[in-house]
Undergrad: 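One structure, as structure tokens, below. Some questions next.
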Amino acid sequence: MEPIKRTELVDVDGIPCLKDTADNWQRLWAFKARPDDLLICTYPKAGTSWIQEIVSMIQHRGDPQKCDQAPIHQRIPFIDLFPPKRFPHGLDEAEVMPSPRTLKSHLPVPLLPPSFWEQNCKIIYFARNAKDSAVSYFHFHRMNKELPEPGNWDEFLENFLMGKIAWGSWFDHVRGWWEAKERYQILYLFYEDMKEQQEKDRKYNSGSQMDPAREIRKVAQFLGLQLPDQVVNQIVQHTMFENMKVNPMTNYSSIPSFIFDQTVSTFMRKGTVGDWKEHFTAAQSEWFDDACLRLLGDSSLVFRTEL
Ligand code: PPS
């Protein structure tokens, strides 16, 4: 198979986007959200697939067979991705999908099609700390042949910090959505809290009294559903990193290897909090801490970089 060409970035209102997204901008901006749409929004590599599978399991009342009917990216279309070699696009799929729809986006607040705000759609935002997001995004650039060339780690990290990567600045993204939740129906969750829940679940099964599914219950409540404990437990188990990693419906093995080369880096790579320590030098870590203080210090938004 002929290797595909890595894309370039094109600014849309000052935010770097994949060229094909920019080329389809008018169509995306005119997207007609429906009042009962649920949007899952994240900065890339925040654990989107994790929260997608949790939502999908909640919607199917914990029945894995219903989730196993199609890969996650088909069940929940990604509206702002227009990859040249993949048809139909998420937007095409979303447009013909019956209601109620669940959709995925990486768009920052200023670029979200206005109909989502007009229809006051429910939105789940899943955020992950900058350091682990940067590491995960770097490895994803290495294996995803549609993304721009990442350069070496130092180069990539500088671009990440400057927001010169697809979907723009992590800082602007997490902050924009944090502020938007004051005005709209947005459930803002953290990867680190979800991971802590997983770890507690392991202890719970070994006799601890902690609630193993706090974050999953929050999602169910936001969706207006009350699930029995047994169902919640099934969801916790089904969405454990180890289980999603071997599940062909969630590990992106359905994407051909000339696009996602999982011999370079797997999509479900490590799934931990603190992997950044294996990549950052002390100076780079300090640089990130300073940037967090400078760019987020005056907000109430706090990220944990270890558990
Ligand atoms: S994408 O391409 O932006 O939609 O990717 P996304 O799904 O947001 O991010 C992939 C990272 O999320 C991790 N992940 C998980 N961690 C813990 N538990 C579960 N169940 C889980 N599912 C996905 C995945 O491993 C990627 O992170 P890294 O750090 O690279 O391992």
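Whatever order the structure lists them in is the order used to number ligands and atoms, beginning at 1. The model shown is predicted, which means the values in this text are computed figures rather than measured ones.
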Undergrad: Between E53 and R75, does any side-chain N to carboxylate O distance fall below 4.0 Å?
TA: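 So E53 pairs with R75 through a salt bridge.
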Undergrad: Can you name the residues that come within less than 4.0 Å of ligand 1, going by heavy atoms only?
TA: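 Ligand 1 is contacted, at a heavy-atom distance under 4.0 Å, by P44, K45, A46, G47, T48, S49, W50, K104, H106, R128, S136, F140, Y191, Q198, T239, M240, F241, M244, F267, M268, R269, K270, G271.
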Undergrad: Is the shortest distance from a Lys or Arg side-chain nitrogen in K277 or D132 to a carboxylate oxygen in the other one below 4.0 Å?
TA: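 Answer for the salt bridge query: no.
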Undergrad: May I ask you to test the L107-F116 pair for a side-chain heavy-atom distance under 4.5 Å?
TA: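 No. Closest side-chain heavy atoms not under 4.5 Å.
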Undergrad: Applying ring pair (Phe, Tyr, Trp, His ring centres under 6.0 Å) as the test, list every pair that has at least one member in residues 52-73; sequence neighbours left out.
TA: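 For residues 52-73: H73-Y252.
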Undergrad: If the plane angle is over 60° it's perpendicular, under 30° parallel, otherwise tilted; pick one for F288 and F171.
TA: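 Plane angle between 30° and 60°, so tilted.
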Undergrad: Is the shortest side-chain N to carboxylate O distance from D80 to K104 below 4.0 Å?
TA: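 Looking at K104 together with D80, the answer is no, because their closest N to O distance does not fall below 4.0 Å.
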